[in-house]
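What follows is a set of notes on a single structure, which appears directly below.
Chain A is the first sequence line, chain B the second, and so forth, proteins listed ahead of strands; every chain is numbered from 1. In this text, all values refer to a predicted model and were calculated from it rather than measured experimentally.
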Number of protein chains: 2
Amino acid sequence: MRSCETGEDGDACRLPVSTGALVRGPAPATRAPPAPPAMASPSEAAAEGPPRPLAAPARSLTLDGVRDALVRQEDTIVFCLIERARFPRNAAAYEPSFSGHGTSLAEFFVRRSEETDAEVGRYQSLEELPIFPGSLPTSLVPASSLPQVLHPKSASVNVNKDIWEMYFHKLLPLFTVKGDDGNYGATLESDLACLQALSRRIHCGRYVAEVKFRDAPQDYTPLILAKDRDALMKLLTFEAVEESVKKRVAKKAMVFGQNVTLDDKNSEEDNTKRKIDPKVVSRLYGDWVMPLTKLVEVEYLLQRLS
Amino acid sequence: MRSCETGEDGDACRLPVSTGALVRGPAPATRAPPAPPAMASPSEAAAEGPPRPLAAPARSLTLDGVRDALVRQEDTIVFCLIERARFPRNAAAYEPSFSGHGTSLAEFFVRRSEETDAEVGRYQSLEELPIFPGSLPTSLVPASSLPQVLHPKSASVNVNKDIWEMYFHKLLPLFTVKGDDGNYGATLESDLACLQALSRRIHCGRYVAEVKFRDAPQDYTPLILAKDRDALMKLLTFEAVEESVKKRVAKKAMVFGQNVTLDDKNSEEDNTKRKIDPKVVSRLYGDWVMPLTKLVEVEYLLQRLS
C-alpha cells in the first residue's frame, strides 16, 4: 500500500501530464446550435494552435491519477493564495450583517456564486462540493454520464464548513496584511477561488480513500467494522511523505511568488520580495490541508461498507 | 515622457511591493456588526501572522503606480491562463443557445456572475468594467470615496466586447487542447477569471493615457484637437519596450508553468512539461493585449478634452 500524500519518492506515482479533472466522461448531449449570436460562439475552426498532448481520459480511478491531481492542485492553491494576497485583509467584507442584510458580504457572495455554479452544472462533477448545499437551483446542463467511482453512501462526505472556518479565521490573517482598500468585489472573488481550490483538494480524500480501500480491503475492513477512527488515521498517515509535501508546496510558493524580471538572476532567493511566505503555505498543508484530507478519508471509509 | 509598457529599462519605474489596486481610498461606512453567525465572521483577533509591509496607498496617479500594476497583472494573467489550460476546450459551453436558453452557457454564466459582482460592489472600482454592463443591479456596498483620477468623460471607454471576441475566437484555441470533459462549471469559472484579468489590464490604458497626458499635455492636445488617431498611436508606441514586455511575459509563463519538484533541477528548461506555451503568452501580449491597451489609450485621449 502506498500513500497518495507521496512526494518525490515513488516513480510509480508519476504521471507525465497534469490534467483538470480526476474522472472524465463523455460530454452531455446538447441541442444543435442555431445561427451564432454576436458574442457567444468561438469557432472550433480557429483552432490553428499547436496541438498539445492530452492525457488519456482517466475513466477508472488509479493511485497515479489521484496523486497527479493532488500535486497539480498544489499549484492552483498557491496561485490562488498569491492572488488573494494582492488585496489587504478587507475585514469589513466578512463582518456579519454587512449593510444590514443578515449575513456577511462574503457569505452573500459565495451563496449567489454557488447558485450560478449549480445552474451551469459545476456540482454534477463529484469533485466539486458546494459550501452552502441547501436549495441550490437545478442545472441547465444535461446530466453527464461521468463514471461513478466513489461509493455512493460515502461520496457525500463534506467538510466545507471546517474549511470555511479555517480559511477565514486561521489562514487569511497569516497571508494578508491588515487594511481596507474597499475592493470587496475582487477580494471576495479571490476568496472564493481559494475556498474552491482548498475544498477540491481536501475532498480528493474521498478518492484517496477509495483507491486505498480497493488496493487493500483486508487492511481496512476490520477497522471500519470496529469504527476504529484512530487506527484508520494511523493507517493513512505517512509522516515522511507529509514532510515532502510540505517542502514541495513551500518551494512552489517560492517559485510562483517570485518577481520575475528579464535579469538573469530572479528574486527566488530574496524573501523580502515574495508575494507569499513559503512558510505559511507549508503550515497550511501541515496544519490544515493534510489533516482535513485525512479526516475526509476516515469519514469516507467509515461509510464505505454501508 | 516614458512609456508604461516599460521593461527593465528604467529604475524610476520600479516599485518594491506589488499591490492589488491602482487607486485606493478609505473603506465605505458599514453598520455595526451584531453577534456573529456561525460561518461568517473571521476574527481580526486571530491576526497573529507576521506583519508584511503594505504599500502606501496610491491616492494620486503616478507612472510608477500604473507600471507596477501592469507588471503585477502579468502574473495574474499567466496564472489564469495556466488554470484554464487544465481543462480541454469544452467548446459546447460556448455554443449559442446551449440547451435552448437563447445564449451560450458562457454568456449566461458571465452575465449572472457580473450581477453578483455588481451587488458586492465590484464595479464601484473604476478599474473593473463589466462585459455586459446593461441593467446590472445596484450595489449593496455603500459607495466608497475612491479618488476620481480619470477624466469623467473618458473613463467609460470599454473594449470588453473586443476582448470577449479575441479571447474566445483567437486565444482559447491556442492554449487549450481539443476535447470535452463535461466540466463546464469549473471551465467557465476559469474563463471568467481570464476575461476579468485581461479586461483589467487592457483598461489600465485609461490610467496610462491620463498620466501621459498630464505629463505632456503640450504633446497630446494638438493631436486630440485634430482627432489624429494615427499620430496619437505613434506617440504611444515604443517598440523596444513592447519587445521587453513580450519577453518578460514569456519568461513568466516559463517560470510559473513549470512542474516544481523537490529535485534540485526543475523543469524550467523542459518545454514538453510546461503547462502553457510561453510563445502563446508572448503572442497574446504582442498581438492583442498591447494593441488593445493602446486602442483604449487613444480612445481615452480623444475624449480627454471633452
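Between chain A and the residues B:E189, B:E115, B:E74, the largest count of heavy-atom pairs under 4.5 Å involves B:E189. Contact count against chain B (heavy-atom pairs under 4.5 Å) is highest for A:E119 among A:K252, A:K247, A:E119. When each of B:A106, B:S139, B:A186 is checked for heavy-atom pairs under 4.5 Å with chain A, B:A186 comes out on top.
Screening A:F168, A:W164, A:F109, A:Y184 against A:Y94 for a ring-ring contact (aromatic ring centres under 6.0 Å, His included) leaves a single residue, A:F168.
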| task | Please lay out, stage by stage, how B:R111 and B:E107 fare under the test salt bridge (Lys or Arg N to Asp or Glu O under 4.0 Å). | result | CA-CA 6 Å; B:R111 284 184 182 275; B:E107 184 172 331; 2.9 Å; yes
| said: Assess the residue pair A:D117 and A:Q196 against the criterion (side chain to side chain donor-acceptor pair (under 3.5 Å)); give the C-alpha distance rounded to whole Å, side-chain angles, the decisive distance to 0.1 Å, and a yes or no. | reply: CA-CA 11 Å; A:D117 286 341; A:Q196 288 176 331; 3.3 Å; yes
| query | Stepwise, does the side chain to side chain donor-acceptor pair (under 3.5 Å) test hold for B:R112 with B:T116? | reply | CA-CA 7 Å; B:R112 278 293 176 91; B:T116 304; over 6 Å; no
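Proximity to chain A (any heavy atom under 4.5 Å) is shown, for B:E83, by both the backbone and the side chain. For chain A, the nearby part of B:L192 is the side chain; its heavy atoms alone come within less than 4.5 Å.
Under the 4.5 Å side-chain criterion, counting only non-hydrogen atoms from C-beta, B:L81 is in contact with B:L284.
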